[in-house]
S.K.: 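Sharing a structure here in C-alpha cells format.
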Amino acid sequence: MSAVLIWIIFPGIVSIILFFFRKWERTVLIVGLAAALMLTWFAWQLPIGEPIAVRLWRGLPALRITQSMRILDVFFNLDNTTRILLLAIYANLAFWLGGVFSSKTNSLFTPLAFGSSAIIAALVAIEPSYFAPLVLFFVALICVPILSAPGEKINRGVFRFLIYQGVGTSLLFLMNIASLSIKPETIPINSPSPITLLTVIALALTLAVFPFHTWIPAIAEKTNPYTSSFVFLSYSMAALFLLLRILSEMQAAVISQAAITGLVYLGVFMVFIAGILACVEKNAGRILGFAVISQVGIKLLVLGMAVNTDIAQLTGTYLALLITQNLSMAVWALALSRLFMVNKDTSFSHLQGLGRKFPFAVAGLIIGSLSLAGLPILANFPIVFQVLSGFSSEFSSLPLFWTIGNILFVFACFRTLVRLLAPSENAEGGHPENRFDSVILSSGMILIFLLGLFPQWMINLVNELIVSISAISEAQ
Amino acid sequence: MEKEVILASLSILAALLVTSTAIMQLVSPDWRFSLLMLALQYLGVFLLLINHWPIFLSLTVLFSGWVSTIVLAIGILSLSVDQQRLESGATTLSLLVRQGAWRHSLSIIFFLLTALLGGIVTLTMLPALTAIFPSLNLSIGWGSLILIGLGFLKLGYSDQSFPVVVGLLTVISGFNVLQTSFSSSLMTAGLLAATTLTLALIGDFLITMPYSETTP
C-alpha cells in the first residue's frame with residue numbers, strides 16, 4: 001500500500017463523497033471528523049517503508065507502506081520525514097472540524113476542508129518541487145466556496161484572494177522553472193537577479209505580506225469568523241510549506257545570509273504593521289484578520305531560526321506554535337462567530353453591548369486575542385518568547401518592534417472589549433447564550449491558560465513525537 | 001526551414017489574435033461577446049504554444065480553455081437577464097449607453113486608450129523580458145505580456161464575478177504561454193489545463209452563488 005494512497009488519494013475520495021452527501025450536515029461532520037482523526041493517528045503511528053505487524057488472519061503478509069507513487073511524469077513522495085507535516089495537516093483539520101457544530105458554517109465547509117487538506121498533503125509530496133506552486137493554487141481555488149455563503153453577495157476580499165493567489169502562484173511556478181534553465185555563471189553575484197526579485201514578489205503575494213495583505217481583513221470583515229480563520233491558517237500553513245520547500249532547494253550559501261535575514265526582518269515587520277493597522281480598526285472581524293497577518297510574521301521568524309538551530313528543534317518549535325496559534329485563533333473565531341450570528345456584522349456599532357448578553361463569547365474573544373498577542377500566562381507566550389530570545393543577541397532592534405506591534409494589538413483588543421461592554425439596545429431581547437457553546441468556549445479558555453502556565457506538557461509531547469518519528473527515518 | 005517559417009508566421013498571427021481579443025474583452029460589456037473573444041484567445045494561445053510544445057500537448061490547453069468558456073456560459077445562462085447584466089459587469093457601461101451615444105463612445109475611447117497604454121508598457125518591458133530569458137521568441141514574449149497586462153486592466157476595472165474570472169483566465173493564459181517556453185512535460189500540460197478548468201468551475205460557482213437560496 002502506498003503512503004500517497006492513504007494521505008492524498010483516500011482523503012480526496014472522502015472529500016468527494018462528503019460533498020455529494022452534504023445535505024446531511026451532522027452525518028457528514030461526524031464522518032469527516034472520524035476520518036481526519038484516523039489519518040492523524042495513522043501519521044503518528046504508521047512508519048513508512050517499514051513492515052507493520054497487522055495480522056488479521058494467519059497467512060496475511062505484514063503490511064508495508066511504500067513511500068512514492070508515479071503519476072504521469074511526476075512522483076508523489078511521502079517518506080518518514082514528511083510524517084510530521086502530515087500529522088500537522090490532519091490534526092489541524094480534525095481540530096477545526098471539532099468546532100463546526102457551534103460555529104454554524106455552511107454545508108460545504110466539511111467536504112472542502114477535507115479536500116484542501118488532501119491537496120496540501122499533495123503539495124508536500126510532489127516531486128519535482130517546482131510544481132508545488134500550481135498545487136498551492138488548487139488549495140486557494142478550493143477555499144473560495146468555503147468563504148462564500150449561498151444567497152449573499154460575493155465578498156470583494158474573495159476576489160482579491162483569488163487574484164493574488166492566481167498571480168502569485170503562476171509567477172512562482174514560472175520563476176521556478178525558469179531558474180532551472182538559467183546557467184549559474186550568468187547570475188550576478190553582488191546584485192539580486194530579476195528572477196530572485198520576482199520570486200520574492202510572488203512569495204509576498206502568496207504569504208499576504210504587506211502591501212498584499214488586503215484580502216485578509218476584507219474577507220474577515222464579512223465572512224463567518226470561524227470559516228475565515230480556518231482558511232487563513234490552513235492556507236498560510238500550505239504557503240509556508242511551499243516556502244520551506246523552496247528554501248530547502250536553494251544553495252546553503254544563499255540561505256545562510258540573505259534569505260534568513262530577510263525572513264526575520266519581514267516577520268517582525270508583519271507583526272509591527274499588523275499592530276498599527278489593528279489599533280485604528282473599528283471592526284472586530286478585521287482585527288482578527290490583522291491577527292492572522294501578525295501570526296504569519298511569527299511563523300516567518302520561526303523559519304528564520306533555521307540557521308542557528310537543528311532541524312528537530314525547528315520542527316518542534318513550529319509544531320508547538322501551530323498548536324498554540326490554532327487553539328487561540330479557534331477560541332477567538334468561535335466566540336466572534338457567535339456574535340457575528342446576531343447581526344451578520346462584526347463592526348463595533350453592531351457588536352456594541354453584546355458583551356452583557358454573551359459573557360462567555362466575549363471572554364473567549366478577549367482571551368484568544370490576548371493569547372495571540374503573546375501576553376504572559378497565555379498559550380502563545382512561551383513559544384513566542386523562546387523564538388524572540390533566540391534572535392535578541394543577533395538582531396537587537398527586533399524585540400523592540402515586535403513589542404510595539406503587540407502593545408498596539410493589545411490596545412485593539414481592549415478597544416473591542418470596551419465596545420462590547422458599553423450599554424446598548426443590542427443587549428436587550430433575543431436568545432441567551434447557548435450552553436453547549438459556553439462549555440466549548442470555556443474548555444478552550446482553560447486550555448489556553450493551562451498551556452501558558454505549563455508549556456512543558458506540550459513541548460515534551462511534541463519533542464517525543466519528533467524523536468519517535470526521526471528515530472525511524474534515521475534507522476532507515 | 002519551411003516549417004520554421006510557417007511556425008514564425010503562425011506565432012505572429014497568434015500574437016495579433018491574442019492582442020485583438022484581449023482588447024475586445026476589455027472594451028465589450030456584453031458577456032456573449034466576451035466569451036467569444038475568450039474562446040478565440042485560447043485559439044491564439046494554442047498557436048503560440050505550438051512553437052515550443054508538441055501539438056497534442058498544446059491541444060490540451062486549447063480544449064481546456066474552450067471547455068472553461070462553455071462552463072462560464074452555462075453558469076451565466078442559468079441567471080435571469082437582469083442578473084446576467086449585473087454579474088457580467090455590464091451595468092456601468094449600459095448606463096452610459098442610456099445616457100447618450102457620445103458617452104458610450106467616450107467610454108470605448110477611454111478603454112482603447114488604456115489598452116494602448118498597456119501595449120506601450122508591454123513594448124517597453126519586452127527587451128527586459130528577453131534579457132532575462134534569452135531563448136524567448138519575441139512573438140511569444142509579446143503575446144504573454146499583452147495577455148498579462150490587459151488581463152490586469154480587466155481585473156482592475158471590475159468588481160463582479162464574471163469579468164474577474166475572465167480577467168484572471170486571461171492573466172493566467174499569459175503566464176502559461178511563458179511557462180511553456182521552459183517546460184514541456186505532460187504533467188505541466190495536465191496541471192495547466194486542470195488549473196484553467198477548476199478556475200472556470202469556481203467562476204461558475206461565484207456567478208451563480210449570490211442568487212442561490214438553498215444549500216449549495
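Labels below follow one simple rule: chain letters A, B, ... track the order of the sequence lines, proteins then strands, and each chain is numbered from 1. Computed over heavy atoms, backbone and side chain alike; hydrogens, waters and symmetry mates excluded. No experiment lies behind these values; they were computed from the predicted model shown.
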S.K.: Using every non-hydrogen atom in the two residues, find where A218(A) and G157(A) come nearest and quote the distance to one decimal.
M.R.: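 Of all heavy-atom pairs spanning A218(A) and G157(A), the closest is CB-CA, 3.6 Å.
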S.K.: Between the main-chain N or O of V167(A) and the side-chain N or O of S170(A), is there a donor-acceptor pair closer than 3.5 Å?
M.R.: no
S.K.: With only heavy atoms counted, which part of A128(B) is less than 4.5 Å from chain A, the side chain, the backbone, both or neither?
M.R.: neither
S.K.: Decide if the gap between the ring center of F173(A) and the ring center of F175(B) is smaller than 6.0 angstrom.
M.R.: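 Ring-ring flag for F173(A)/F175(B): false, centres at least 6.0 Å apart.
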S.K.: Specify which of I148(B), L192(B), L199(B), L201(B) makes the most heavy-atom pairs with chain A at under 4.5 Å.
M.R.: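 Result: the option with the highest number of such pairs is L199(B).
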S.K.: Taking the six-membered ring of Y164(A) as reference, does the NZ or CZ atom of R160(A) fall below 6.0 Å from its centre and within a 45° cone about the axis?
M.R.: no
S.K.: For I71(A), is it the side chain, the backbone, both or neither that has a heavy atom under 4.5 Å from a heavy atom of chain B?
M.R.: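 Just its backbone gets close to chain B.
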S.K.: Contact part of L178(B) toward chain A, heavy-atom cut-off under 4.5 Å: side chain, backbone, both or neither?
M.R.: both
S.K.: Counting heavy-atom pairs closer than 4.5 Å to chain A, which one of T195(B), N176(B), T208(B) comes out on top?
M.R.: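 Ranked by contacts with chain A, first place is T195(B).
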S.K.: Between W96(A) and S234(A), is any side-chain donor less than 3.5 angstrom from a side-chain acceptor?
M.R.: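 No, S234(A) and W96(A) have no side-chain donor paired with an acceptor closer than 3.5 Å.
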S.K.: Hey, does the side chain of S15(A) reach the backbone of P11(A) with a donor-acceptor pair shorter than 3.5 angstrom?
M.R.: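 No, S15(A) side chain to P11(A) backbone: no donor-acceptor pair under 3.5 Å.
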S.K.: Go through the atoms of L141(A) and report whether side chain, backbone, both or neither lie under 4.5 Å from a heavy atom of chain B.
M.R.: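 Both parts, backbone and side chain.
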S.K.: Chain A heavy atoms under 4.5 Å from L155(B): which part of the residue, side chain, backbone, both or neither?
M.R.: side chain
S.K.: Measure distances from T188(B) to the heavy atoms of chain A and classify the residue's part below 4.5 Å as side chain, backbone, both or neither.
M.R.: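 T188(B) touches chain A through backbone and side-chain heavy atoms alike.
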S.K.: Minimum heavy-atom separation for L168(B) to I163(A), with atom names?
M.R.: CD1-CA, 4.0 Å
S.K.: Side chain, backbone, both or neither: which part of L206(B) has an atom under 4.5 Å from a heavy atom of chain A?
M.R.: both
